[in-house]
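For the single chain, residues carry numbers from 1 onward in sequence order. Quantities reported herein were computed from a predicted structural model and do not represent experimental measurements.
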Amino acid sequence: MSLDVTRKGTQQSTPATAAHNGNGVAVLPSMGTTHRLRLNPNTEHKPESYEGLPLEFSPLLFSSLERYLPPPMLSLPRDSKFRYMRDIILRYSPEGERTRVQRHREYRQKIISHYQPLHRELYAMHASNFFVPSFLKAINENKEESFRSIMAEPSPGVFTFEMLQPHFCEFLLSEVENFEKWVHETKFRIMRPNTMNKFGAVLDDFGLETMLDKLMEDYIRPIAKVFFSDVGGSTLDSHHGFVVEYGIDRDVELGFHVDDSEVTLNVCLGKQFSGGDLFFRGVRCDKHVNTETQPDEILDYSHVPGRAVLHRGRHRHGARATTSGHRVNLLLWCRSSVFRELRKYQKDFSSWCGECQREKKERQRLSIAATKQELLKREGKPAT
């Protein structure tokens with residue numbers, strides 16, 4: 001079965017390309033040798049927090065990037081490291097992209113300055129009020145065996161677990177409804193979550209960005225570091241947080257696609273509904289995104305309110321029709337700028353792409369067979 005997979009996401013500008021100088025350092029264009037980053041991070045270095053600084057980019061981006069600074073810079077004051085990294089990012093980011101980011105910032109600020117939140121307690125992280133005890137216990141222990149003790153893995157790379165408390169789901173649902181009511185009354189034109197969903201709202205756009213940053217950094221990244229290190233799980237530094245709505249008068253289903261993320265968190269918030277199952281069909285790189293699905297890659301999953309699904313963004317999936325009622329899901333697309341940059345120079349994705357793995361095994365099989373034939377030929381034995 002060969003399927004046409006859509007890349008689900010917002011429009012992305014293509015950044016400038018970095019070059020290599022042969023000694024493990026990436027040299028960015030138009031910088032000579034004055035500003036450069038190491039290709040491999042200093043994993044023992046603990047980066048500083050860049051919260052509170054006047055930033056054009058996410059504080060998590062600077063914390064993630066700090067591990068890639070040249071060794072002599074790691075001991076410098078935070079302001080010096082910040083200026084160094086900011087200069088790299090500004091030169092690296094195309095002017096058109098910076099303009100888009102600035103316009104989006106102004107759009108968000110316009111919403112936040114006029115919209116009055118219904119449940120202000122949602123806008124800061126209150127872990128004990130948001131998460132079920134079993135999830136918090138596993139996060140606090142921060143061990144693979146603790147994570148696995150609360151999870152099911154119905155298919156390789158797809159993890160499900162109880163996560164959100166019912167009253168948090170109710171509060172978030174009512175907050176989204178309140179925001180949509182404000183949008184309707186003010187006739188404010190909002191951006192929808194992505195190119196495939198016509199209903200739903202971007203949570204970051206009306207003030208929940210800081211809380212969702214904490215969700216990614218403190219609660220999703222520790223899990224992703226263990227289970228998704230091959231796709232940048234340990235260096236997640238930005239996110240896109242939103243809700244999607246399905247029902248007879250909403251989006252009904254969602255076509256086969258991959259997400260614009262390294263790691264995706266998908267949690268059903270409610271309400272009453274029938275249908276809407278997720279279906280998964282294997283992880284693929286760009287080259288193999290439309291290749292056939294193998295029998296062991298097929299998974300159908302039924303949503304349960306409060307229960308999370310965590311998977312690679314490149315895991316092909318879709319949503320079947322919601323046949324009755326109204327279903328709302330929280331989505332957090334977690335991204336790694338470091339992984340995205342390094343991926344440009346990779347040719348082998350067999351650590352996570354199912355088709356790359358199969359091609360690699362086939363090459364190895366053919367190589368072994370050829371070697372065996374050559375040995376038999378030298379010994380004068382008939383080839384088998």
Side-chain angles (χ1 to χ4, degrees), residues 49 51 58-60 117-154 157-179 200-204 206-228 233-234 236-244 259 261-271 278 301-313 327-335:
S49 169
E51 299 283 351
S58 167
L60 290 176
L118 180 64
H119 299 294
R120 291 192 178 274
E121 58 267 41
L122 292 175
Y123 289 74
M125 176 57 70
H126 300 289
S128 60
N129 294 330
F130 291 3
F131 305 121
V132 297
S134 58
F135 177 75
L136 278 180
K137 182 175 183 291
I139 292 295
N140 290 332
E141 292 176 355
N142 196 23
K143 298 176 182 177
E144 180 176 347
E145 54 265 35
S146 300
F147 298 146
R148 288 196 179 276
S149 71
I150 64 167
M151 292 176 166
E153 190 178 4
V158 179
F159 299 92
T160 67
F161 49 93
E162 298 296 330
M163 183 180 185
L164 298 180
Q165 294 198 25
H167 67 265
F168 172 83
C169 296
E170 293 169 5
F171 274 31
L172 187 53
L173 282 170
S174 62
E175 187 68 47
V176 171
E177 290 173 357
N178 188 62
F179 175 67
V202 180
L203 301 177
D204 300 313
F206 61 93
L208 287 163
E209 182 179 22
T210 300
M211 186 273 284
L212 294 176
D213 258 340
K214 293 293 289 182
L215 171 59
M216 181 191 72
E217 183 177 9
D218 295 343
Y219 300 93
I220 301 305
R221 194 162 65 188
I223 300 174
K225 182 179 180 180
V226 173
F227 298 113
F228 303 121
S234 62
L236 300 176
D237 53 26
S238 66
H239 76 266
H240 178 49
F242 56 96
V243 293
V244 290
D259 295 337
S261 69
E262 273 61 75
V263 177
T264 292
L265 173 73
N266 185 344
V267 192
C268 181
L269 300 176
K271 305 175 180 180
L278 276 179
Y301 170 81
S302 298
H303 286 291
V304 178
R307 190 167 180 83
V309 183
L310 194 68
H311 60 86
R312 292 174 180 83
R327 177 170 68 85
V328 183
N329 280 52
L330 165 66
L331 276 296
L332 193 69
W333 287 353
C334 304
R335 297 161 172 163

Any residue meeting ring-ring contact (aromatic ring centres under 6.0 Å, His included) with His303, in chain and number order, not counting sequence neighbours: Tyr301
By salt bridge (charged side-chain N to carboxylate O under 4.0 Å, His left out) - contacts of Arg312 (at least two apart): Asp230
Leu173 side chain reached by Val328 side chain, heavy atoms, under 4.5 Å: yes
Salt bridge (charged side-chain N to carboxylate O under 4.0 Å, His left out) pairs, two or more places apart, involving residues 132-142: Lys137-Glu141
Exercise: identify the closest heavy-atom pair between Met216 and Asp237: CE-C, 3.8 Å
Mutual orientation of the aromatic rings belonging to Tyr219 and Phe131 [parallel < 30°, tilted 30-60°, perpendicular > 60°]: tilted
Among Met125, His239, Glu217, the one residue meeting side-chain contact (heavy atoms from CB on, under 4.5 Å) with Leu212: His239
All ring-ring contact (aromatic ring centres under 6.0 Å, His included) counterparts of Phe159, not counting sequence neighbours: Phe227, Phe228
Pair Asn178-Phe206, side chain to side chain contact (heavy atoms under 4.5 Å, CB included): steps then yes or no: CA-CA 11 Å; Asn178 188 62; Phe206 61 93; over 6 Å; no
Where Gly233 and Arg221 come nearest, the two heavy atoms and their spacing: O-CG, 3.4 Å
Non-hydrogen side-chain atoms of Thr160 and Val304 separated by less than 4.5 Å: no
From Thr264 atom OG1 to Leu332 atom CG, the distance as rounded to the nearest 0.5 Å: 8.5 Å
Donor-acceptor pair, side chain of His119 and main chain of Phe168, under 3.5 angstrom: no
Nearest-0.5 Å distance, SG of residue Cys169 to NZ of residue Lys271: 12.5 Å
Sub-4.5 Å side-chain heavy-atom contact between Cys334 and Ser261: no
Polar side-chain atom of Gln165 near backbone of Ser128 as donor-acceptor pair, under 3.5 Å: yes
Nearest heavy atoms of Ala124 and Phe130, plus distance in Å: O-CZ, 3.4 Å
Partners meeting salt bridge (charged side-chain N to carboxylate O under 4.0 Å, His left out) with Glu51 (sequence neighbours left out): none
Flag side-chain contact, heavy atom, 4.5 Å: Leu269 against Leu164: yes
Spacing of Leu60 atom CG and Lys214 atom NZ [to the nearest 0.5 Å]: 9.0 Å
Candidate pair Leu208 and Leu172, rule side chain to side chain contact (heavy atoms under 4.5 Å, CB included), full reasoning: CA-CA 10 Å; Leu208 287 163; Leu172 187 53; 4.2 Å; yes
Considering all heavy atoms, the nearest Ala224-Val263 contact: CB-CG2, 4.1 Å
Sidechain-backbone polar pair: Ser174 side chain, Glu170 backbone, donor-acceptor under 3.5 Å: yes
His167 and Phe171 aromatic ring geometry - parallel, tilted or perpendicular at 30°/60° bounds: perpendicular
Euclidean distance, Lys225 NZ relative to Ile220 CD1, rounded to 0.5 Å: 15.0 Å
Rounded distance [0.5 Å steps], CD1 in Ile223 versus CZ in Arg148: 11.5 Å
Asp204 side-chain N/O to Gly241 backbone N/O, donor-acceptor pair under 3.5 Å: yes
Flag side-chain contact, heavy atom, 4.5 Å: Ile150 against Val132: no
Partner residues of Glu162 under the salt bridge (charged side-chain N to carboxylate O under 4.0 Å, His left out) criterion, sequence neighbours left out: Arg307
Phe147 vs Asn142 side-chain heavy atoms within contact, under 4.5 Å: yes
Point-to-point distance, once rounded to the nearest 0.5 Å, from CG of Leu310 to CE of Met151: 6.0 Å
Heavy-atom side-chain contact between Leu203 and Phe179 under 4.5 Å: no
